[in-house]
Amino acid sequence: MSTIQIRLPDGNTLAVPAGSTVLDVARTIGAGLARAALAGRIDGRLADLRTPLEADAAIEIVTGKDPQAGEVIRHSAEHVMADAVKRLFPNAQVDVGRTDHSEKFQYDFLMEHPFTPEDLESIEKEMWKILAEKSEFVREVISREEAVAFFAARGEKLKVSRIADIPEDQEITIFRHGEFTDLCRGPHVQRTDQIGALQITESAGAYWRGDESKAMLQRIYGTAFATEKKLQEHLAQIEKAKNRDHRRIGATLGLFFTDPIAPGSPFYLPKGMILYNGLIDFIRSLYPKYGFAEVMTPQLFRTELFKTSGHYQLFRKDMFVLEGDEDEELSVKPMNCPGHCHLFSTQKHSYRELPIRFAEFSRLHRNERSGTLTGLSRVRSMAQDDAHVFCEPEQIDAELDSFFEMTGEVYQALGLEAPKVAVSTHPAEFTGELADWDVAERQLLEAVKRAGHACSIKPGEAAFYGPKIECDFRDVMGRAWTLSTLQVDVSMPGRFGLRYVGRDDKLHQPAMLHRAILGSLERFIALYTEMTGGDFPFWLAPVQVALLPIAERHLAYAGRVQQALVGVGIRVFLDTRNEKLGYKIREAEIQKVPLMLVVGDQEVVDGTVTPRHRRGSKQSNEAVALDVMVSKLAADARERRVSRSED
RNA sequence: GCCGACGUAGCUCAGCUGGUAGAGCAGCGCAUUCGUAAUGCGCAGGUCAUCGGUUCGAAUCCGAUCGUCGGCUCCA
């Protein structure tokens, strides 16, 4: 029998017979390691312990301490969940389970009735029982025919149809533990008790194969960890994350809220408007540099406009259509692009003017389905820092680069991490020519690469008029949301018959780009509130300074300090309440005011203020001369520094 | 829109198997004039989401509607 060379993480090499499994390698290294092993990595890729090794490879053994341990444990927990459901509900048909990179796993079932909370409790109990049974996971390679026969005999029709999805050339494996068998690639832990702790978290309906026209399956979500301690830590972490939820922070900081009287349409309180306007002012301040010119187009258009743009045909269900005078049909605009195309078409353009970049902050209304609304992240009424670029086709690349330059500048000023970037390709229903889509999709991919971002592809996810770049950020629940986006429009310039006069004195069709940096103000404010936990940068903070007099006799001086700060545009809250200093500080802390200025007897005499920073050191309570503080704060606000300079 | 859960004072929540609503914080009043995360006392505040049904009696049970939350679909 031939031997193969196994490289280990410590640099050593091990010779084992060809055909040995990863688990055999672990055993050779040590019995303790073999016992603790959950999975392995072959040349860096997660693999099942029972995978036979036929060639030289680098092997790592994954134990409970490994960062990828959770993936394996949760993947195995899927099978345990399906097992438990089949034991308690023999008529349920299993579909498939899934483990993504979060701490959740899920499994879908076709059931007559949805699971009740009591059902879920008993399923979880059954799962714990299966863990206690310490059943061994067994891996088997079987033929396609055997697999079909096996699941068909058990009435698992959904499973049989899943087998058809497996590419012809791919080996089919099944995993058994106890009485339960599932079609699966693995990897799995050795025994069910290696899933140390689990919990069912929720259930939900999910369409079969994600298709609205198909049956609704019952999906159960759960989470699992190597130990009870890790599970508890995770649950505590989730509890903590809830405190960063923008809906909660919006309410406690008095920024914004939604109310049943207007589903999906936010109310902005005065402090929320500081944020909203502050962000718009910031974007607006960058427009001269990037060559954008702000315009304002109507809110209501004759529906004709949207027939021309294609929205009426493909976006109608998301639009609010109103009855105008004398059978005239009017539509509230869901996007600015048709208006901007119309605006472009009303004037004669020369190639010398291009690129023309129309920016607009108008409010937009989309009739989103009720079940999709969430706080400010998904709304029916919103504004985007929207713009449309009309340019010559050969100018597109430069525009794409400029887009990334501007997003970079904005992200930096706001202290944002790098986004997850993706390019979305043409959906099932689209307008324009497929060939144009292909060209544009390639252009976008290359631009993302030039900008130095890693990029994934979302097949079929683009809007109906052109492919798009999406910059995604995660909210406090780990959900990804698109903020910045850029879309090449391969459809509207043609539909609107847009033309410009070229160098050759002939008419040409301009290329068109849609883009937004913040995305929608609503969604941006939601995400940004969660990222910062309400600790906005000094320049954007709704209240920048809390002015805290020690006693009533200091009010007169505090009033003069307030005047000085307001005079340079600083937003000040003067706490005149008859409370102790500790109380006022606590309030300012809870309200996340970035800077507190204390004034008492000493400050009145010296003409100073004593700062207390919300972030950074709180010990340095050195008094600062009022005029020094005023000019320092004025500069910080003006320059939009992410973190304020310390005093 | 679909599946599930939920909806009690401005906020966070209690109210067991039906017997007529309670706490903390916030608010208001009075006292306290206080130096780095909560001073004390008092007062007020609710057609228990809405509508209908069962019942001698409903916050509690049933149904419908609206909304919220978590998913699905969709999407900035």
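Side chains included, hydrogens not; waters and symmetry mates left out as well; all remaining heavy atoms used.
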*asked:* Tell me whether the rings of A/Phe404 and A/His453 are parallel (<30°), tilted (30 to 60°) or perpendicular (>60°).
replied: tilted
*Taking atom P in both B/A14 and B/C75, what distance in whole Å separates the two?*
38 Å
*Distance between P atoms of B/G27 and B/G52 (Å, rounded)*: 38 Å
*When you look at CE of A/Met273, are more than 12 heavy atoms from neighbouring residues, nucleotides or ligands closer to it than 6.0 Å?*
yes
*A/Ile525 CD1 to B/A76 P, straight-line distance once rounded to whole Å*: 18 Å
Under-3.5 Å N/O pairs linking protein and nucleotides 39-45 of chain B:
none

*If every non-hydrogen atom of A/Tyr290 is compared with every non-hydrogen atom of A/Glu409, which pair is closest and at what distance?*
OH-OE1, 2.7 Å
*Could you give the distance separating B/G67 and B/U50 at their P atoms, to the nearest angstrom?*
15 Å
*Closest nucleotide of RNA chain B for A/Pro114 versus for A/Gly460: which of these residues is on the 5' side?*
A/Pro114
*Take atom CZ of A/Phe109 and atom P of B/C3, then tell me their distance rounded to the nearest Å.*
20 Å
*Classify the angle between the aromatic ring planes of A/Phe464 and A/Phe315 as parallel (below 30°), tilted (30 to 60°) or perpendicular (above 60°).*
tilted
*Output yes when at least one side-chain N/O atom of A/Arg209 is less than 4.0 Å from OP1 or OP2 of B/C72, else no.*
no
*Tell me, with the steps shown, if A/Lys333 and A/Thr297 meet side-chain hydrogen bond (donor to acceptor under 3.5 Å, both in side chains).*
CA-CA 10 Å; A/Lys333 67 176 165 189; A/Thr297 59; 3.1 Å; yes
_As a check on the pairing definition, encode RNA chain B in dot-bracket form, counting Watson-Crick and G-U wobble pairs whose two distances are under 3.5 Å, and using | for partners outside this strand._
(((((((..((((.....[..)))).(((((.......))))).....(((((..]....))))))))))))....
*Take atom CD of A/Glu461 and atom P of B/C75, then tell me their distance rounded to the nearest Å.*
7 Å
_Reading 5' to 3' through nucleotides 63-70 of chain B, protein heavy-atom contacts under 4.0 Å coded B for base, S for sugar-phosphate only, - for none_ = ----SSSB
*Of the listed nucleotides B/U73, B/C34, B/A76, the one nearest the side chain of A/Ser520*: B/A76
*Candidate nucleotides B/A37, B/G35, B/G1, ranked by approach to the side chain of A/Glu589 - the nearest*: B/A37
*When the distance from CE of A/Met216 to P of B/G1 is rounded to whole Å, what number comes out?*
13 Å
*Rounded to the Å, how far apart are A/Arg248 CZ and B/G10 P?*
18 Å
*Select base, sugar-phosphate, or nothing to describe what A/Tyr221 touches, counting heavy atoms under 4.0 Å on all strands.*
sugar-phosphate
*Let me know the distance between CD of A/Glu603 and P of B/G35, rounded to the nearest Å.*
12 Å
*Is the charged tip of A/Arg515 near the ring of A/Phe292: under 6.0 Å from the six-membered ring centre and within 45° of its axis?*
yes
*Say you pick atom P in B/A44 and the same atom in B/C30; how far apart are they, in whole Å?*
16 Å
_Tell me whether A/Arg523 forms a cation-pi arrangement with A/Tyr528, defined as NZ or CZ under 6.0 Å from the six-membered ring centre and within 45 degrees of its axis._
no
*asked:* Could you check whether any side-chain heavy atom of A/Phe403 comes within less than 4.5 Å of a side-chain heavy atom of A/Val389, counting everything from C-beta outward?
replied: no
*Quick one: A/Gln591 CD to B/C25 C1', roughly how many Å, whole number?*
14 Å
*Could you pull out all residues at least two apart from A/His365 that satisfy side-chain hydrogen bond (donor to acceptor under 3.5 Å, both in side chains)?*
A/Ser381
_Contacts of type salt bridge (Lys or Arg N to Asp or Glu O under 4.0 Å), residue A/Arg586, not counting sequence neighbours_ = none
*RNA chain B: A/Gly210 or A/Gln384, which has the more 5' nearest nucleotide?*
A/Gly210
*With respect to the side chain of A/Gln602, which nucleotide from B/C75, B/G35, B/G71 is positioned closest?*
B/G35
*Could you pull out the closest heavy-atom pair between A/Lys159 and A/Asp95, with the gap in Å?*
NZ-O, 2.6 Å
*asked:* Can you check the distance between B/U60 and B/C48, where both ends of the measurement are the C1' atom (answer in whole Å)?
replied: 10 Å
*Would you say B/C75 has OP1 or OP2 under 4.0 Å from some side-chain N or O of A/Arg369?*
no
N/O donor-acceptor pairs under 3.5 Å from side chains in residues 549-561 of chain A, not counting sequence neighbours:
residue	atom	partner	partner atom	Å
A/Arg553	NE	A/Asp601	OD1	3.0
A/Arg553	NH2	A/Asp601	OD1	3.4
A/Arg553	NH2	A/Asp601	OD2	3.0
A/His554	ND1	A/Ala551	N	3.0
A/His554	ND1	A/Ala551	O	3.3
A/His554	NE2	A/Asp601	N	3.1
A/His554	NE2	A/Asp601	OD1	2.6
A/Tyr557	OH	A/Thr608	N	3.0
A/Tyr557	OH	A/Thr608	O	2.8

